[in-house]
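What follows is a single structure, written as structure tokens, with notes after it.
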Amino acid sequence: MDELDPFRDFQRTHYCAEITEQDIGREVHLVGWVHRRRDHGGVIFVDLRDREGTVQAVFNPQHSPASHRKADALRNEFVIGVKGKVSRRPEGMTNPKLKTGAVEVMADELAVFNRSRALPFNLDEDLEVEEAIRLRYRFLDLRRPSMAANFALRHRVSKITRDYFDGLGFYEIETPFLTRSTPEGARDYLVPSRVNPGGFYALPQSPQLLKQILMVAGMDRYFQIVRCFRDEDLRADRQPEFTQVDLEMSFVEQGQLIEIVEGWIARLFEELLGKTLQRPFPSMTYAEAIEDYGVDNPDTRYGLKMKDITDAVKGSEFQVFRQVIEGHGIVKALRFPGGTRLSRRELDNLVGMAKDWGADGLIWAKCTGAGLQSPIAKFLSQDIVGAVIDRMGALEGDLLLMMAGSPGRVNPWMGRLRTELAEAYDLIDSSAHAFTWILDFPLFERDKEGHITSMHHPFTAPREEDIPLLDENPEACRSLAYDLVLNGTEIGGGSIRIHRVDTQKKILSILGISEAEGEEKFGFLLDALSYGAPPHGGIAFGLDRLVMILAGAKSLREVIAFPKTQKAACLLTQSPGPVDAEQLRELHIRTVLPKKPASG
RNA sequence: GGGGGCGUGGUGCAGCUGGUUAGCACACCGGCCUGUCAAGCCGGAGGCCGCGGGUUCAAGUCCCGUCGCUCCCGCCA
């Protein structure tokens, strides 16, 4: 076996990708990985790669017989050092695809610091490789230039974020990971306490209460780039541990906070994408979002807004409409311009899709010169057809898609139909970045069991003018909560908080949390609020989601160095894994595994 | 918890209504080659078709179960 060279007295002078025509004639010392080797029998080319990119090293037997001989043994991903002079590539040999394509390094010396086994997958091509393999060999996957670029971007997002908030007088303050479980929200990750038998810490879902306490503590402006944990099922845009840009300010109102956040986002886009964002960002109320888009995170890169046509179809002969309207349901419609070109098969697919979601049906109607062409046309009088066309602003060639049912079901389904249509018929400008603030969220909502819960969280302040509603009709009460949506993804959300202890107690009581329970779970907050808490509010952003969008990635896993799989496992470290019985004993823990069906 | 997709040499894929020797590209190994850059040419090695069961004369192919990865619903700001 060939000897490896010691790494000694080898001072790197440049990153590979930094070599330019300015360096021609200069001696450079480079280190990195063999990205690819091309052996022509005589001359050998090696694309030498480091974090920043690649440069071509040339091993010529006439120029340096010893290093040429040594280069013969190089293979992909060997770790080497090259000393040599930068030269201009011969006429016609430049590679315009490479940043360093006009130059090359004529190798005088080659040092081989380490070898590599044959690779489990190809690193350089943007071929799709099964994600399980990429994750298992994440150290190789991350060497791919596109991944390196994602982390360079992520670093710059963090750096700009720190600089921006520092510039506005925010303190970066750390909050504990070992904290206590609070009700509401997501499932907690729990950590058993060795010294307190039977006691558990919870990893924070967000530093919510502690940042409010920091405001009470007079810190005035706080921010943190902080890991948060939620033990819920994963999605392409949801990991069990994720990073928030979390901030909180005292003596602030919604408008001012929004302005500060927009300044930050605009700076990120300006510096990272060279894109100037129009400010202020557009906004709509929660009620408008639901009315027009069916969801509270509308993708505003395209139209296809929907409209309520309940009153227009009232009195129709169509049984489904009649029954729904009698049952206080709604009928909503969406206009797809030019949609009459859809074939019967395509329409059936749309209907089938809606039924897969659980919808009772989806009704289509083509606007033709001869009126509405639809399976339900015979149930609709001329008056009703006229009213619908009028309401929808439908033109000849348009397709109308209608759904009837309770608002809680029809709105999200129509919202989903809208995105499916936009995707299927290519209505999305993928280069666009459409921001929308969603304002005036309801303070409360009802869960499946009919219990009243906080829409945002229990510390969100009601709108001043809606406070009287707390007693009469809490569900109509709007809050001072706000979300920022980008291209249909919620990237941040926050609120003005309750700073009066009496209001906070009232909210808890509406939520059905008894005084004793409130005292036990949030006593420290109630205490803090009663010692001169300043008016305050804040917001938190999903850093991973933001970086994902900036990087144009389809999954969070592309911008997280060591992400979890959908089953919340790390394929690199094989976590979660078993622990010793002794460790469990110390923690006063006994595991009870689910029963498996008896085998044999 | 539920629904969809995928699983075939190291990687990416093909393999028809079940049929005899499982194919292609890249990677790998050996050889040739002094200007390539996804180098090229010649040759070679490499497969328990995820795993288990079933149907059948016969299963990569059909059925059931299971495991893994993934997308979505539920859940989650």
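Excluded from the calculations below are hydrogen atoms, water molecules and symmetry mates; all remaining heavy atoms, backbone and side chain alike, are included. Lettering follows sequence order; numbering is per chain, from 1. Predicted model, so just to flag it, every value in this text is computed and none were measured.
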* Pick the C1' atom in B:C13 and in B:G54, then give their distance to the nearest Å. => 29 Å
* Earlier contact from the 5' end, RNA chain B, for A:R38 and A:R75 -> A:R75
* Hey, does A:D231 reach any base, or is it just sugar-phosphate, or nothing, if we go heavy atoms under 4.0 Å? -> nothing
* **Phosphate-side-chain proximity, A:Q56 and B:U36, N/O vs OP1/OP2 below 4.0 Å** => no
* Asked: For the pair made of CG in A:L119 and C1' in B:U11, what is the distance, rounded to whole Å?
  -> 10 Å
* To do: Tell me the partner of B:U61, counting only Watson-Crick (N1-N3 plus N6-O4 or O6-N4) or G-U wobble (N1-O2 and O6-N3) with both under 3.5 Å; none if nothing fits.
  => none
* Looking for any heavy atom pair under 4.0 Å, which part of the strands does A:E104 touch: base, sugar-phosphate only, or nothing? -> base
* Side chains of A:R38 and A:Q56, donor plus acceptor under 3.5 Å -> yes
* Expected output: side-chain A:R187 to main-chain A:D231 donor-acceptor under 3.5 Å -> yes
* Structure fact -> Of B:G35, B:A77, B:C69, the nucleotide closest to the side chain of A:K567 is B:C69
* **Residue list, salt bridge (charged side-chain N to carboxylate O under 4.0 Å, His left out) with A:R227, at least two apart or on another chain** => A:E241
* Asked: Is any side-chain heavy atom of A:C570 closer than 4.5 Å to a side-chain heavy atom of A:K564?
  -> yes
* Between B:G2 atom C1' and A:D356 atom CG, what is the distance in whole Å? -> 13 Å
* Structure fact -> Winner on side-chain proximity to A:N76, out of B:C28, B:C37, B:C76, is B:C28
* **B:G47 versus B:U11 - spacing of their P atoms, nearest Å** => 13 Å
* To do: May I have the distance from A:H68 (atom NE2) to B:C33 (atom P), rounded to whole angstrom?
  => 11 Å
* Please confirm whether the backbone N or O of A:L110 pairs with a side-chain atom of A:K70, one donor and one acceptor, at under 3.5 Å? => yes
* Structure fact -> Residue set satisfying side chain to side chain contact (heavy atoms under 4.5 Å, CB included) with A:D483, at least two apart, ordered chain then number -> A:I438, A:F441, A:E490
* Does the ring of A:H40 meet both stacking tests against the six-membered base ring of B:A39: centre distance under 5.5 Å and plane angle under 30°? -> yes
* **Base paired to B:C37 (Watson-Crick or G-U; both N/O distances under 3.5 angstrom)** => none
* Asked: Side chain of A:N122, base of B:A38: donor and acceptor closer than 3.5 Å?
  -> no
* Asked: Which value, in whole Å, describes the distance between the C1' atoms of nucleotides B:U56 and B:U17?
  -> 16 Å
* With both distances kept under 3.5 Å, what pairs with B:A25, Watson-Crick or G-U wobble? -> B:U11
* Asked: Roughly, in whole Å, what's the span from CG in A:L486 to C1' in B:A77?
  -> 16 Å
* Quickly work out the A:F78 CZ to B:C28 P distance and round it to whole Å. => 11 Å
* To do: State which of B:C26, B:G35, B:A77 makes the closest approach to the side chain of A:M106.
  => B:G35
* **With sequence neighbours excluded, residues passing ring pair (Phe, Tyr, Trp, His ring centres under 6.0 Å) with A:H433** => A:F269
* Asked: Heavy-atom distance under 4.5 Å between the side chains of A:I265 and A:F541, does that happen here?
  -> yes
* Euclidean distance for C1', B:G43 against B:C62 (whole angstrom) -> 41 Å
* Asked: Taking the side chain of A:N95 as heavy atoms from C-beta outward, which of B:C28, B:C33, B:A38 is closest to it?
  -> B:A38
* Decide, applying a 5.5 Å centre-distance limit and a 30° plane-angle limit (both strict), whether A:F121 stacks on B:U11. => no
* Taking ring pair (Phe, Tyr, Trp, His ring centres under 6.0 Å) as the test, write out the residues that go with A:H40, two or more places apart. => A:F45
* To do: For nucleotides B:G15 and B:G60, find the distance between their P atoms and express it as a whole number of Å.
  => 16 Å
* Asked: In terms of side-chain heavy atoms of A:L571, which of B:C26, B:G35, B:C69 is nearest?
  -> B:C69
* To do: From the options B:C37, B:A77, B:C69, select the nucleotide whose nearest atom is closest to the side chain of A:R230.
  => B:A77
* Whole-Å distance between B:C76 C1' and A:H457 NE2? -> 15 Å
* Asked: Touch check for A:I133, heavy atoms < 4.0 angstrom, all strands: base, sugar-phosphate only, or nothing?
  -> sugar-phosphate
* Contact class for A:T94 vs. all strands (heavy atom < 4.0 Å): base, sugar-phosphate, or nothing? -> base
* To do: Would you mind classifying the nucleic acid contact of A:P120 as base, sugar-phosphate or nothing, using non-hydrogen atoms under 4.0 angstrom?
  => sugar-phosphate
* Nearest-Å distance for atom pair CZ/P, residues A:R36 and B:A27 -> 8 Å
Pairs under 3.5 angstrom, nitrogen or oxygen only, protein versus nucleotides 71-74 of chain B, please.
| from | atom 1 | to | atom 2 | distance (Å) |
| --- | --- | --- | --- | --- |
| B:C71 | OP1 | A:R557 | NH1 | 3.4 |
| B:C71 | OP1 | A:R557 | NH2 | 2.8 |
| B:C71 | N4 | A:Q566 | OE1 | 3.4 |
| B:C72 | OP2 | A:A236 | N | 3.3 |
| B:C72 | O2' | A:R416 | NH2 | 3.1 |
| B:C73 | OP2 | A:R235 | NE | 3.0 |
| B:G74 | N7 | A:R235 | NH2 | 2.7 |
| B:G74 | O6 | A:R235 | NH1 | 2.9 |
| B:G74 | O6 | A:R235 | NH2 | 3.1 |
| B:G74 | N1 | A:D233 | OD2 | 2.5 |
| B:G74 | N2 | A:D233 | OD2 | 3.1 |

* Quick one: label A:N297 by what it contacts on the DNA or RNA (base, sugar-phosphate, nothing), any heavy atom closer than 4.0 Å. => nothing
* Asked: Atom NZ of A:K564 to atom P of B:U70: distance rounded to whole Å?
  -> 13 Å
* Using atom C1' of each nucleotide, how far apart are B:C29 and B:C73 to the nearest Å? -> 50 Å
* Structure fact -> Those residues at least two apart in sequence (or on a different chain) that pass ring pair (Phe, Tyr, Trp, His ring centres under 6.0 Å) with A:F165 are A:F170, A:F223, A:W264
* **Distance between P atoms of B:C63 and B:C16 (Å, rounded)** => 14 Å
* Paired with B:C6: which nucleotide, if any, by Watson-Crick or G-U wobble criteria at under 3.5 Å for both distances? -> B:G68
* Asked: When the P atoms of B:C67 and B:A22 are considered, how many whole Å apart are they?
  -> 32 Å
